[in-house]
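Each remark here refers to the structure printed beneath this line.
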2 protein chains.
Amino acid sequence: MDVTETEARYLKIIYRKKHEEGREVNTTGLADSLDVSPGTVTETLQKLDKKDYLNYEPYHGVKLTKIGKEKSKKLLRKHRILETFLVGLLDYKEVEACQEACTLDYHISENVINSICSLLGHPEKCPCGKYIFKNPKKS
Amino acid sequence: MDVTETEARYLKIIYRKKHEEGREVNTTGLADSLDVSPGTVTETLQKLDKKDYLNYEPYHGVKLTKIGKEKSKKLLRKHRILETFLVGLLDYKEVEACQEACTLDYHISENVINSICSLLGHPEKCPCGKYIFKNPKKS
DNA sequence: CAAATATTTTGGCATCCCCTAAAAATTCTT
DNA sequence: AAGAATTTTTAGGGGATGCCAAAATATTTG
């Protein structure tokens, strides 16, 4: 079962906070980041748990599963390649590139991203300096 | 009021059929093209009418309004520039390019498309030979 | 004109995402 | 540690979107 666009937004934020910035992921924090009510956050986390993208321990936070991490990394890879493309080939500024990438990363296919990645010469980092994950060949 | 992704699909098909292929647009035809039931088509046409993208005459077909035509052309412009990009720079084949463009054309911004259009040297036609509309400066 | 075909209406269903307010759990403070 | 303050979850709801089947209505055709 695949994630919805909203759920994808959660995964991207959770991965970044937890695995790249070492920050804690709590309901209130997510609610602030996403500009929704805490109840809404809980609901979405429960859905992501049901879909096996994370383990949700009520009152005690979440932990991304294997497939949750993979999915998050795929999304962030797309996001960062898009940013690199927008800044490198289309003269976008970082901030605007990030905004555009936020919408597109969910809708663009793995295939197109891989092609763009080649076109860019397989960059290591996005314009903001964040690591661009490798394409995990299979699936 | 803006169109949904589904409504956008309708606009693209209606414009193409009517204004590029001179074909008639009827409920059954749309239902076949879109692989939904006739009732669903009627419902969506009514919504597009309510949003002023077309005039819907029950039992007698539809006619795109001015903003309906503009919207359709914007979408088809995006679609065709995307196709050109995919084929020209990413080595896609026409068929696959069209499929990818179908999803992306709705989600990509005017701005990104304009940049890609420049990058491509403002092509006149897409890989399948269809006309690429000019960017109507304002709005 | 009657039969066949096309279209619309009706009623319904599922998904998605969001909210508020009350309840429950946790954490903080003294 | 007990009560207060904060955080989180639950419960109940709502709006938007998109789809369907079947009945009703209109149009077209033989």
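Below, chains carry the letters A, B, ... as their sequence lines are ordered, and counting in each starts from 1.
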Atom-pair distance (CD on B:E5; C1' on C:dC16), nearest Å: 14 Å

Candidates D:dG18, D:dT8, D:dT27 - which lies nearest the side chain of A:T42: D:dT8

Integer-rounded Å distance: C:dC16 C1' and A:R9 CZ: 12 Å

First of B:L45 and A:G39 reached from the 5' end of DNA chain C, by closest nucleotide: B:L45

Any A:T6 side-chain N or O less than 4.0 Å from OP1/OP2 of C:dC17: yes

Touch class at under 4.0 angstrom, heavy-atom based, for B:T27 against every strand present: sugar-phosphate

Nearest to side-chain heavy atoms of B:Y59, which nucleotide of C:dC17, C:dT8, D:dT8: C:dT8

Sugar-phosphate only, base, or nothing, as touched by A:Q46 at under 4.0 Å among non-hydrogen atoms: sugar-phosphate

Ring center gap for A:F85 and B:F85 short of 6.0 angstrom: yes

Side chain to side chain contact (heavy atoms under 4.5 Å, CB included) between A:K130 and A:E83, worked out: CA-CA 11 Å; A:K130 289 180 195 133; A:E83 284 181 325; 6.0 Å; no

Residue pair B:R77, B:I113: steps toward the side chain to side chain contact (heavy atoms under 4.5 Å, CB included) verdict: CA-CA 9 Å; B:R77 173 168 183 264; B:I113 278 298; 3.7 Å; yes

d(NE2, B:H60; C1', D:dT27) in whole Å: 7 Å

Contact under 4.0 Å: A:S37 side-chain N or O vs C:dC19 OP1/OP2: yes

Other residues, nucleotides, ligands: >12 heavy atoms within 6.0 Å of A:K18 NZ: yes

Any B:Y56 side-chain nitrogen or oxygen under 4.0 Å from OP1 or OP2 of C:dT8: yes

Atom-pair distance (CG on A:L30; P on D:dT8), nearest Å: 9 Å

Interatomic distance, A:E7 CD vs C:dT15 C1' [rounded to whole Å]: 11 Å

Whole angstrom value for the distance that separates P of C:dT7 from CG of B:D32: 10 Å

Spacing of B:D49 atom CG relative to C:dT9 atom P, expressed in whole Å: 11 Å

Touch class at under 4.0 angstrom, heavy-atom based, for A:P38 against every strand present: base

Rounded distance (Å) that lies between atom C1' of C:dT26 and atom CD of A:E57: 14 Å

A:E43 side chain, from C-beta outward: closest of D:dG18, C:dC18, C:dC16: C:dC18

Sugar-phosphate only, base, or nothing, as touched by A:T4 at under 4.0 Å among non-hydrogen atoms: sugar-phosphate

Nearest-nucleotide comparison on DNA chain D, the residue closer to the 5′ end among B:K51 and B:T40: B:K51

Heavy atoms of other groups near B:E57 CD, more than 12 under 6.0 Å: no

